[in-house]
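Just below is one structure, and these are the notes that go with it.
Per chain, numbering begins at 1; letters A, B, ... match sequence-line order.
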Amino acid sequence: MKWTSNFVSSYLRTVNFVAICLLALALIIMGPQLTPLVSGTVVTVLYYPFSKIKTSIVNMMGVAEENARLQLLLREATLRLSNLNEIQRENVRLRSVLNFEAPPGYSLVPARVISITGTAVPISAVINKGSRSGVTPGMPVINQDGLVGRVVSSFEEVATIELLTNPTHRVAARVAESREMGIVRYRTHEGLILDNFPILGRIEVGYQVLSSGLGGTYPAGLIIGTVRSVERPSEETFCRVEIDPAANFNTLEELFVLRERRQ
Amino acid sequence: MKLIPYVIYLILMAFHAVILQGVTTIFTASLNLPALIVLAVAIYKDDIPATWFGFVAGLVAFAGGPPEQLGWQGLIMALLALGACQVRVRLNLDSLRAKLLLVLCGLILHNVVVLLMSQADGFLVNVFTYAVAGAVYTTLLAWVFFVLKERVITVERIKAIF
């Protein structure tokens, strides 16, 4: 019995091995007919799904790389667009000051604002022109809109300007239409005002206020602003005149220092 | 139901051949996962299923290769499985080192035979740079497999260390 069992067991091994050999032999001998069938089936059933997965992974990696590249390009384009917008704005500004002329007897020293100081309102600014460009303390500073302030200190390459909005600053002024005079100064809670203007003086909303030229600091005729409101309290000697400044002190960029022409 | 593990092994081979082959290759040493799986099956299973599995594994692993070699590859894998089974039964291999030695020898033999079939120039150089290097690399993976399979390293033991 044991012998039979061993014989069957041995016989089964042999049969199996012979069967494998025959199959292999068939594949070897009938290669061109059989192998495409076998390899085709294996590739289709087992390899192809993984091949699709691999392709998807590779594509996804490609998409991620492309996405990163496009993000970078987008950032660069956004930055470039922002720069172009800034250049466009600067172009508009510079075009508006292109035909700007200095008052008679003065020449313009163009300057650019480096920094502005002031908490509630700007009261002083630093420009990129100094004594090397002939800028000295006391020189008036204007922009294309009107009077801005005066130079208070000058160094080789930079100078500091005291703006009209500094509460300690005073400008001798005249109303363009009536030729009557007052003093322009800035009050923190009221803004720019025309002080010391007689209560019986002729002044109305919309009148232009210019520098009078008295006092020696500013030449006559520089636009300071426009009258915004006029109050005439009966018990007081002077009017309360509020002025809208011609220059926008929150957007100061290109300025001109007025340098007196030497005879 | 008994066929399911073998099917999974075949799927693993295809997965390796398509996706992992390039990733797992280190210089000239490439992982011979089909031969490793066949040898592992031969060590843990009977000779008849192992031989059949070896034959089918040879067909699956080399389905993408030259068509005229497909039959030979099946036969070589079947012989590898049969040989490993015979060595395991006759020498009564139990220790981890003996199994690893069997795997290493089987892998070198298989790699050398595949190299011979490719008829590449510089056979001796290729034996050392490709066949032996690949066999050693694959044996390292076999060591990890046996360590986990024989429960030499378990999660509990790792936890006990810390």
Practice task
Kindly assign one of parallel, tilted or perpendicular to the pair B:Phe146 and B:Tyr44, based on the angle between their ring planes and the thresholds 30° and 60°.
Solution key: tilted
Problem - Name of the residue among A:Leu73, A:Leu72, A:Leu79 meeting side chain to side chain contact (heavy atoms under 4.5 Å, CB included) with A:Arg75 - result: A:Leu72
Problem - Option in B:Leu79, B:Val60, B:Leu10, B:Leu82 with maximal non-hydrogen atom pairs under 4.5 Å from chain A - result: B:Val60
Handout entry: Contact origin within A:Ile29 toward chain B - heavy atom pairs under 4.5 Å
Key = neither
Practice task
Please state whether the side chain, the backbone, both or neither of B:Phe55 comes within less than 4.5 Å of a heavy atom of chain A.
Solution key: side chain
Exercise for the section: For the pair B:Phe53 and B:Tyr6, name the ring-plane relationship: parallel under 30°, tilted 30 to 60°, perpendicular over 60°. Expected result: tilted
Practice task
Show the numbers, then the answer: is there a salt bridge (charged side-chain N to carboxylate O under 4.0 Å, His left out) between A:Arg112 and A:Glu253?
Solution key: CA-CA 6 Å; A:Arg112 188 175 280 271; A:Glu253 282 180 285; 5.1 Å; no
Fill in the blank from the handout: Pair count under 4.5 Å, heavy atoms only, with chain B: among A:Leu27, A:Val42, A:Ile28, highest is A:Ile28
Fill in the blank from the handout: Cut-off 4.5 Å, heavy atoms of chain A, and the answer for B:Ala81 is neither
Practice task
Please check if any side-chain donor atom of A:Ser154 sits under 3.5 Å from a side-chain acceptor atom of A:Thr136, or the reverse.
Solution key: no
